[in-house]
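Report on one structure; see the data block that follows.
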2 protein chains.
Amino acid sequence: MKLSTKGRYGLKAMFQLALHYGEGPIPLKNVADEQNISENYLEQLVAVLKKNGLLESVRGAQGGYLLAKSPDEITVGNILRVLEGDMAPADCVLDNEMFKCEKAEYCVTKLVWTRIRDSIDDVVDSITLQDMVDEHNTIMANKKLEV
Amino acid sequence: MKLSTKGRYGLKAMFQLALHYGEGPIPLKNVADEQNISENYLEQLVAVLKKNGLLESVRGAQGGYLLAKSPDEITVGNILRVLEGDMAPADCVLDNEMFKCEKAEYCVTKLVWTRIRDSIDDVVDSITLQDMVDEHNTIMANKKLEV
DNA sequence: TTAATCCCAACTGAATTACTTGGTTTTCTT
DNA sequence: AAGAAAACCAAGTAATTCAGTTGGGATTAA
């Protein structure tokens, strides 16, 4: 039940770009350094995020990546689903209903998987990048007061 | 974010044993047949469940497995944690705090993983095998009425 | 005694993970 | 025009996990 580095690094990267939203394109190298991720590996992840309309890129010198939408329009769920697939603990409760089990109508374990999936969906769909930025700012402000 | 067959088969097997709770030992072959699982593979899973005090076994002919506690004392969380480990989406929010990240105090993504983990915990710790049996019986009773 | 059953250890093919390597192309700056 | 900064792309890879299989043994009821 663990996320792979795709989802974890991907969210970190998107959060980093959200922190700098409005400042123009940010080079991937900066993001990779800041979050301690291999730049070449991160490249593959942002390619997916871009293909799915969450990122835009600017090529050439002074180029980089930017969020395709404002941070309050991008949820954690948007990001994780693109990089990890549906947040479903079993194939029989995938959102797109690809997989069909003939016992589905009276399968009690399916009810369990459904409840797990729904609770995860609730959380990831309710948190936007803006929420994360706000939380970050609150934490940082409190840290300053402590000193 | 998917469960492996360990967790999925394991819960199905435990549910099957819960259905027959009080009837003495149930041979693994029955469980495997009923739930369409390789018996030899299931053997490995029940070994883990037994080692962790969720199952008891009776050897020899007419032997089999039985729940070590009554179905209302065994939660889905008990079963999944034994077979899959903590239901944490990232190592930094493992229940046992093995893994330590030095940025933990101001890591916003950690807050996200924590909320996901907590919501999963809420669900799996709130459902007992008895709940599943009850649900199963309700579904079956309704099915009968439909005909 | 024999058949049913649990118990145990090792092996395996396929897939996935988390990268790395080694480029090419585009564009800004000088 | 040259050089450098960046995005873009394709392939390879070592390690691990997954989902079993194989081939036995030990225990016990009938």
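Nucleotide dC6(C) holds its P atom 10 Å from the CG atom of Leu17(B), rounded to whole Å. The CG atom of Asn30(B) sits 11 Å away from the C1' atom of dA4(C) (whole-angstrom rounding). A straight line from CD1 of Ile37(B) to P of dT21(D) spans 12 Å, rounded to a whole angstrom. If you measure from atom OH of Tyr41(A) to atom C1' of dC9(D), you get 17 Å, rounded to the nearest angstrom. Taking atom CD of Glu39(B) as the reference point, atom P of dG20(D) lies 14 Å away to the nearest angstrom. Straight-line distance from the CG atom of Asn40(A) to the C1' atom of dT13(D): 15 Å, rounded to whole Å. What separates CG of Leu66(B) from P of dC6(C) is a distance of 10 Å, to the nearest Å. Residue Lys2(B) contributes atom NZ, which lies 13 Å from atom P of dC18(D) at whole-angstrom precision.
Donor-acceptor pairing under 3.5 Å is lacking for the side chains of Gln130(B) and Ser70(B).
Ile26(B) comes within contact range of the sugar-phosphate backbone alone, with a heavy-atom separation under 4.0 Å but no base atom that close. Within the 4.0 angstrom heavy-atom criterion, no nucleotide atom of any strand lies near Lys29(B). Residue Lys50(B) is in sugar-phosphate contact alone, with no base atom involved, counting any heavy-atom pair closer than 4.0 Å across all strands shown. Residue-level contact check: Val46(B) touches neither bases nor backbone, having no heavy atom under 4.0 Å from any strand.
In this structure, the nucleotide among dC18(D), dT28(D), dA7(D) sitting nearest to the side chain of Ser57(A) is dA7(D). Residue Arg8(B) has its side chain nearest to dA19(D) when only dA30(D), dA19(D), dC28(C) are considered. The side chain of Ser38(B) approaches dG20(D) more closely than any other nucleotide in the set dC19(C), dA7(D), dG20(D). In this structure, the nucleotide among dC9(D), dC6(C), dT17(C) sitting nearest to the side chain of Lys6(A) is dT17(C). Closest to the Arg59(B) side chain, of the nucleotides dT5(C), dC7(C), dC19(C), is dC7(C).
A salt bridge links Asp121(B) to Arg81(B): one of the charged nitrogens lies within less than 4.0 Å of a carboxylate oxygen. Using a 4.0 Å cut-off between a side-chain N of Lys or Arg and a carboxylate O of Asp or Glu, Asp95(A) and Arg117(A) qualify as a salt bridge.
Where Thr5(A) and Ala61(B) each meet DNA chain C at their nearest nucleotide, the meeting point lying more 5' is that of Ala61(B). Residue order along DNA chain D, read from the 5' end via each residue's closest nucleotide, puts Ala47(A) first among Glu84(B) and Ala47(A).
Between Tyr9(B) and the phosphate of dA19(D), there is no side-chain N or O to OP1/OP2 separation shorter than 4.0 Å. The phosphate of dC8(D) has OP1 or OP2 within less than 4.0 Å of a side-chain N or O from Tyr65(A).
The base of dT20(C) sits with one of its N or O atoms less than 3.5 Å from a complementary donor or acceptor on the side chain of Gln44(A). Not a single donor-acceptor contact under 3.5 angstrom links the side-chain atoms of Glu43(B) to the base of dC6(C).
Across every non-hydrogen atom of Leu83(A) and Lys6(A), the tightest pair is CD1-O, 3.3 Å.
Of the possible polar contacts, none joining the Arg8(A) side chain to the Ala90(B) backbone as a donor-acceptor pair under 3.5 Å is found.
Taking CE of Met14(B) as the start and CD of Gln35(B) as the end, the distance is 12.5 Å to the nearest 0.5 Å.
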